[in-house]
Amino acid sequence: MIQIPKPITLPHFKLAAKTTNNLSQRLQSPPTMFRRFLCRASTTTMRSWRRPFSTDLSAETSADSKFVEAWRKAIPNVEPPKTPSAFMATRPSTPSSIPSKLTVNFVLPYSSQLSAKEVDMVIIPATTGQMGVLPGHVATIAELKPGVLSVHEGNDTTKYFVSGGFAFVHANSFADIIAIEAVPLDRIDPNLVQKGLTDFTQKLSTASTDVEKAEAQIGVDVHSALNAALTG
Amino acid sequence: MASNAAAPFWRSAGMTYITYSNLCANLLRNCLKEPYKSDALSREKVHYTISKWENGKPQKPTIRSDTPEE
């Protein structure tokens, strides 16, 4: 979303000497060049405020400054609009020492189960297997499969059965876990799980089309994961 | 571009990720204990009206109350 630049009050031709407002004092260029260079958050201050030694921010800033340079060359009278990256908070820098706790945000489409909770470890059911995430974990994006998510805080462990989703671990020890449906294990009915498992195993053997086979296979996967969660 | 990973079985069967994940979520909801199960299923109910258009005019709308069961 580009911010529409405010109309400039200065006239467009060489009357810089005649401007009576304070803007004339802020003109950095000589009066013959009537380019107005306002120091606003959208231009240099934002860029210089970004931490200089974050190695992963350089791409963003150079793209922004190239745009600003090109704009100034083409349209010197109008202040460059803010690019979307000017509205985004800068990516938090990777701290130099590993933090002692992992901050977890665990959200569902209809509610937020954990919001910026500081924990010691979470074990997430990624498609590549159970993944333990500790503070200082490398930045990762993991797709989740139906399985158990466990949150370890001191001596307490909270377990949820997650139907699927994604987990994003950031370099600064923040983890965002997004699930479509997640329930604490005690809300699962073992009888329904068993019944579902036998139903789908039967459907799998009688399935004929690809779609039916896929659906039956998914059913078997989910119910066996539920079974394992309840017994394990 | 070479494909990096073999497609998951549901993708090769023609199912999209959204269909797959919604299916998994529904299967999970159907295995819940009673008060939670009816809460979850009622939360996921969708109601909408559809009007088909013909010759630039909307026809009579139909109301669909779609339960999340497959």
Side-chain angles (χ1 to χ4, degrees), chain A residues 108-111 125 127-128 143-149 160-166 178-200 203-204 207-230, chain B:
Chain A
L108 301 177
Y110 52 86
S111 86
T127 46
T128 52
E143 182 190 342
L144 304 181
K145 68 177 179 211
V148 176
L149 170 90
Y160 301 87
F161 187 87
V162 160
S163 79
F166 289 90
I178 307 165
I180 316 262
E181 186 68 62
V183 293
L185 293 182
D186 50 16
R187 295 189 188 176
I188 304 177
D189 187 347
N191 301 325
L192 290 174
V193 174
Q194 285 296 86
K195 185 166 157 307
L197 188 53
T198 48
D199 278 349
F200 280 99
K203 278 190 202 167
L204 187 55
S208 47
T209 67
D210 263 349
V211 180
E212 274 178 39
K213 278 191 213 154
E215 286 181 2
Q217 182 66 52
I218 295 171
V220 168
D221 285 346
V222 175
H223 286 94
S224 21
L226 275 163
N227 220 355
L230 289 174
Chain B
M1 267 203 301
S3 58
N4 296 329
F9 63 91
W10 40 267
R11 174 80 64 182
S12 20
M15 203 186 282
T16 60
Y17 178 77
I18 295 191
T19 324
Y20 164 70
S21 56
N22 283 340
L23 196 56
C24 290
N26 278 329
L27 292 171
L28 173 58
R29 281 180 211 122
N30 286 332
C31 290
L32 295 178
K33 286 183 182 158
E34 209 11 74
Y36 307 111
K37 180 172 177 179
S38 33
D39 286 345
L41 293 178
S42 63
R43 181 174 52 223
E44 295 298 319
K45 280 202 159 86
V46 174
H47 308 270
Y48 53 94
T49 67
I50 295 185
S51 349
K52 296 207 172 153
W53 288 61
E54 263 172 51
N55 297 325
K57 289 191 164 63
Q59 306 303 308
K60 185 171 185 305
T62 57
I63 300 182
R64 290 281 178 87
S65 190
D66 214 311
T67 58
E69 280 128 12
E70 296 302 324

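Every chain is numbered from 1, with letters handed out A, B, ... down the list of sequences.
- Of the atoms belonging to A:Asn191, not a single heavy atom falls under 4.5 Å from chain B.
- In terms of heavy-atom pairs under 4.5 angstrom with chain A, the leader among B:Trp10, B:Phe9, B:Tyr20 is B:Phe9.
- For the pair B:Lys37/A:Leu192, a side-chain contact is recorded, criterion being any heavy-atom separation below 4.5 Å from C-beta on.
- Within a 6.0 Å radius of CD1 in B:Ile18, other residues, nucleotides and ligands contribute 12 heavy atoms or fewer.
- Rounded to the nearest 0.5 Å, atoms NZ (A:Lys213) and OG (B:Ser12) are 11.0 Å apart.
- At most 12 heavy atoms of other shown residues, nucleotides or ligands fall within 6.0 angstrom of atom OH in B:Tyr36.
- A distance of 9.0 Å separates OG in B:Ser21 from CD in A:Glu143, rounded to the nearest 0.5 Å.
- Across every non-hydrogen atom of B:Leu23 and A:Glu215, the tightest pair is CD2-CG, 4.0 Å.
- Between A:Pro146 and B:Leu28 the shortest side-chain heavy-atom distance does not fall below 4.5 Å.
- Put simply, the side chain of B:Lys33 does not reach to within 4.5 Å of the side chain of A:Ile188, judged on heavy atoms.
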Salt bridge (Lys or Arg N to Asp or Glu O under 4.0 Å) between B:Arg43 and A:Glu181, intermediate numbers included: CA-CA 12 Å; B:Arg43 181 174 52 223; A:Glu181 186 68 62; 3.6 Å; yes
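- Counting all heavy atoms, side chain and backbone alike, B:Cys24 lies closest to A:Ser163 at CB-O, 3.6 Å.
- In this structure, chain B has heavy atoms under 4.5 Å from both the backbone and the side chain of A:Ile218.
- A:Val222 touches chain B through its side chain: at least one heavy atom from C-beta onward sits under 4.5 Å away, while N, CA, C and O do not.
- The parts of A:Phe161 that come within reach of chain B are both its backbone and its side chain, each placing non-hydrogen atoms under 4.5 angstrom from that chain.
- Interface check for chain B: of the options A:Val211, A:Thr209, A:Asp189, the most heavy-atom pairs under 4.5 Å are formed by A:Asp189.
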